[in-house]
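Working notes for the structure below.
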Amino acid sequence: MTEGDDIMPHDLCVQLVPLFQDLSGEDQLNIQRSTRFRTFHKGDIVFSPHSDPQLSIVARGSMKVYRIASNGREQLLRVIEPGGYEGESQLFGASNQNLYGQALTDTMVCVLLRRDFMRLLDAHPQLSVRLLSTIAGKMAKVEEQTQFLTMGRVEERLASYLLDLSKSAGGSQRVRIPMTMKELASFLGTTPETLSRKFRYLEDRRIIARKRRDVVILSSQQLEEM
C-alpha cells in the first residue's frame, strides 16, 4: 500500500460520490483536502475492525466488503465499485465490530477519517441527513441478502439476484455480475460448484445466456416464476 496526494487528480473522489455532488466547487475542494489517497494492491486489506473510523471511497478498481461468520467463514456482503463508499456509520460514531474491506484489483481509495469528517459537519450539516439516508439504504440491502438466504432453493436465490441486477441496470436484459463466481456463491449462501450447476440449469432451459460474468436474461417471466 502506498499513500500520497499525487496519485490521482484532486477532484476525482469527491466528484464520484453522489453525497458531495450538490455542493459548490469550493466546498468540494475543502472536502477533498480532508481526504487521504491510498493505493491498494489486489488482496490488500483496505480496512478492518482495527482501523481508525473512516469513510472509504473507491476511486478506481473495486473492493469487497465482508464479515466473518460465527463458524469462521467469510461472508460476502457487497462489492464496492468506483463512486461507491463504505463506512458511513463509523463517521457517526458506530464501531466496526466485524467488517473488512479487501481490494479485488489494484484499487485507489480516498479515505476520510471520522475526526476530519466531524470538522466538515460544522460547515456542511446537510451531509448528516444524506449519510443517514445512505445508511438506511444499505441496511435494506443487508435485509435483502438475509431474505436471499432464507429461500430454500439456490436457483430461486440466483433468479432473484439476476432480476435485481436487471432492475439496478434500468431494466436492461444484459447485466454484468460485479463479483467472481466464488464471491457470488458466498453471497448467495452456496458453493461455487452448486452455483455453476444452477447457471447451467438456467442456460440449458434458455432462461439466460452467459459468457463468464456477462449475462443476458432471455426470459424474465421464467426467472420470476422460479
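Numbers here are sequence positions counted from 1. Worth saying up front: this structure is predicted, and the values here are computed from it rather than measured.
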*Please walk me through it: do E155 and R197 pass salt bridge (charged side-chain N to carboxylate O under 4.0 Å, His left out)?*
CA-CA 9 Å; E155 55 266 37; R197 289 198 299 271; over 6 Å; no

*Give the C-alpha distance, both sets of side-chain angles, the deciding distance and a yes or no for side-chain contact (heavy atoms from CB on, under 4.5 Å) between L162 and L202.*
CA-CA 11 Å; L162 293 174; L202 297 179; 4.2 Å; yes

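Of the possible polar contacts, one joining the S51 side chain to the S48 backbone as a donor-acceptor pair under 3.5 Å is found. In this structure a side-chain-to-backbone donor-acceptor pair under 3.5 Å is missing from D204 to Y201. A donor-acceptor contact shorter than 3.5 Å links the side chain of R210 to the backbone of R212. S160 places no side-chain N or O within donor-acceptor distance of the main-chain N or O of R157, the cut-off being under 3.5 Å. A side-chain donor-acceptor contact under 3.5 Å links S172 to the backbone of R174. Side-chain N or O atoms of N98 include none that pairs as donor or acceptor with a backbone N or O of R67 at under 3.5 Å.
Closest non-hydrogen pair, P49 versus N96, comes out as CB-O, 3.3 Å. Minimum interatomic distance between I217 and I208 (heavy atoms only, all atoms of both residues): CA-CG2, 4.4 Å. In terms of heavy-atom proximity, F40 sits nearest to I45 at CE2-O, 3.6 Å. Considering every non-hydrogen atom in both P178 and R213, the closest pair reads C-NH2, 3.4 Å. Nearest heavy-atom pair, V154 versus K198, reported as atom, atom and distance to 0.1 Å: CG1-CG, 3.8 Å. In plain terms, the two heavy atoms of Q102 and G43 that are nearest each other are NE2-O, 3.0 Å.
Residues I57 and I80 have side chains not in contact (no heavy-atom distance under 4.5 Å, counting atoms from C-beta outward). For the pair T39 and D44, the minimum side-chain heavy-atom distance is 4.5 Å or more. By the 4.5 Å heavy-atom criterion applied to side chains, Q32 and F37 are counted as neighbours. Put simply, the side chain of R176 does not reach to within 4.5 Å of the side chain of V215, judged on heavy atoms. Taking the side chain as every heavy atom from C-beta outward, L188 and Y161 approach each other to under 4.5 Å. Counting only heavy atoms from C-beta outward, the side chains of F47 and E86 approach each other to under 4.5 Å. Looking at heavy atoms from C-beta onward, M181 lies in side-chain contact with L195 at the 4.5 angstrom threshold.
Taken from OH in Y66 to CD in Q75, the straight-line distance is 12.5 Å, to the nearest 0.5 Å. Here the CD-CG distance, from Q173 to L165, works out to 12.0 Å after rounding to the nearest 0.5 Å. Between L104 atom CG and T180 atom OG1 the span is 7.5 Å, to the nearest 0.5 Å. Between atom CG of residue L184 and atom CZ of residue F199 there is a gap of 5.5 Å, rounded to the nearest 0.5 Å. Residue K42 holds its NZ atom at 10.5 Å from OG1 of T107, rounded to the nearest 0.5 Å.
The pair E203-K211 does not count as a salt bridge, with every side-chain nitrogen at least 4.0 angstrom from each carboxylate oxygen.
S220 and Q222 are not linked by any side-chain donor-acceptor pair at a separation below 3.5 angstrom, with hydrogens and angles left out of the test. With no hydrogens or angles considered, no side-chain donor-acceptor pair links E183 and S186 at under 3.5 Å. Neither side chain, Q221 nor S219, offers a donor N or O lying under 3.5 Å from an acceptor on the other. In summary, the side chains of S196 and E193 do not present any donor paired with an acceptor at a separation below 3.5 Å, with no hydrogens or angles considered.
Under the 4.5 Å side-chain heavy-atom criterion for Ile, Leu, Val, Met, Phe, Trp and Tyr, M118 and L55 are members of the same hydrophobic cluster. No chain of hydrophobic side-chain contacts below 4.5 Å, direct or via other Ile, Leu, Val, Met, Phe, Trp or Tyr residues, connects V175 to L218. L113 and V109 fall within the same hydrophobic cluster, where Ile, Leu, Val, Met, Phe, Trp and Tyr residues are linked whenever their side-chain heavy atoms come under 4.5 Å apart, directly or through other members.
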